[in-house]
Amino acid sequence: MRRGLGYRLLACVLCLLAAPALAETSEAPAGAAAQPQPYQLVRTLQSLQNQAALGNKAAHAAQRGLLREIEAPLANADPAAWSDPRNTRAAVLYVLSGGQPGILDQLLKQGEPAGLPQGLALGALAYVMGDSDKARALLLPLDPASLADALGGQLALVQANLIARTDQKRALTLLDQARLLAPGTLVEEAALRRAIFIAGEISDLDRLEKATSQYLRRFDNSVYAESFRQSFAAALVRFDVGRDPAKFPQLVATLRAFDEGQQRAVFLIVARDALIRGRFEQARRAANEAAKLSGSDQEATSRAALYGAASRIAGDRDEAALGALKAIDAARLPAADKPILETALRVATRIVDWPVATTQTPQENAAPPSFDTGQKPLVAAAERGLDEAENLLKVKPKGEKAR
């Protein structure tokens, strides 16, 4: 029953996409024309995934089911089918695309799969099974450009992931190669998203700007675009303008590639994340930029005001920050931000209301003359409050996704 459902689903998907695989049925081995070949099944899966990268939500939903449904046809394929290199390449692609690894394990028990470079199948299996050391030993020596179809791009993407923590510059080169070998596909889309992350890791602002421009030009409608924006914002937070204010104008210029709504969303993410990380100057600047773009969006306006005021708590000695916090309507904030407002109000109240002593009794271990000892209670209270804020912000309200 399940196998029949799988074939019906596959037939529907093939018809909807008008997959070229149907035109190649005549190339299948004799006696196998009654059912699709493994490479045809995987090509259909790739078509769905590539459509998702271009923004087709229905394709994104369908590919999850197709991954499950083609597992049995692949496992039960005629043994003669695996003499065709197109099918062995498809098996590797299937596993690297999120499919079950059992098919590769099954093939490897019969020896090195036909038509594949030595170590590719075993390395791919090690990669999806989490054995990174073995995967690096087997996969890194291989040349992605020597592989046909989409497999070269997929291999370059995997190689980049394997060295992303140890050799970021080479990883970026491999991501460029993945894009060149598989243009317009989910591989290219994923490579650009990964490049954003690595550029942030190594503080390469020029590379970040380039990858952002390429992504927005080619995959702005991708179903993974929100994930891209989150990664992009997280990368921006790494450029601490509190230590290097000259960087901020370039960050703003980079964001001009987004429309105003997207710019606002990213600035708010940057401001919130910078606030939580204690990068108050960056949080203040990002919040100010978000406020300029908020327009009539009351929630965005309230969030920008919250992040901006909270970031000024440690620096303002008057009641400006406290007054700004008190003016915020908590009802206009998302649930995840209400604890920030509550904690910021407590900290700001302590700072503004704490009495400052005008005289001090000399003590044996007195602080240096340049240190205002009257501020010690204030500083201690602020530090306790900010520590409390950080602890609160680390606890995600129920239902909130991690940022």
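Throughout, numbering of the chain's residues begins at 1 and tracks the sequence.
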Is there a donor-acceptor pair under 3.5 Å between the side chain of S222 and the backbone N or O of G55? no
Tell me if a side-chain donor or acceptor on S213 pairs with a main-chain N or O of E209 at a distance below 3.5 Å. no
Search all heavy atoms of G153 against all heavy atoms of V187 and return the closest pair with its distance. O-CG1, 3.5 Å
Please find the pair of heavy atoms, one from L216 and one from D220, that lie closest to each other, and give the distance. O-CB, 3.2 Å
Within the structure provided, determine whether [X] and [Y] are in side-chain contact (heavy-atom separation under 4.5 Å).
X: R284; Y: R312; result: yes
X: I70; Y: T44; result: no
X: L322; Y: L345; result: yes
X: R89; Y: L120; result: no
X: I202; Y: L172; result: yes
X: S311; Y: E281; result: no
X: F219; Y: Q214; result: no

To the nearest 0.5 Å, tell me how far [X] [atom1] sits from [Y] [atom2].
X: E189; Y: R218; atom1: CD; atom2: CZ; answer: 11.0 Å
X: T185; Y: Q46; atom1: OG1; atom2: CD; answer: 8.0 Å
X: L155; Y: Q177; atom1: CG; atom2: CD; answer: 8.5 Å
X: R303; Y: R272; atom1: CZ; atom2: CZ; answer: 7.0 Å
X: L186; Y: L48; atom1: CG; atom2: CG; answer: 11.0 Å

Member of N288, D273, D337 meeting the side-chain hydrogen bond (donor to acceptor under 3.5 Å, both in side chains) criterion with Y307: D337
Looking at Y215, I'd like to know if the NZ or CZ of R193 sits under 6.0 Å from its six-membered ring centre while staying within 45 degrees of the ring's axis. no
Is the number of heavy atoms from other residues, nucleotides or ligands within 6.0 Å of [atom1] ([X]) greater than 12?
X: E260; atom1: CD; answer: no
X: K338; atom1: NZ; answer: yes
X: R136; atom1: CZ; answer: yes

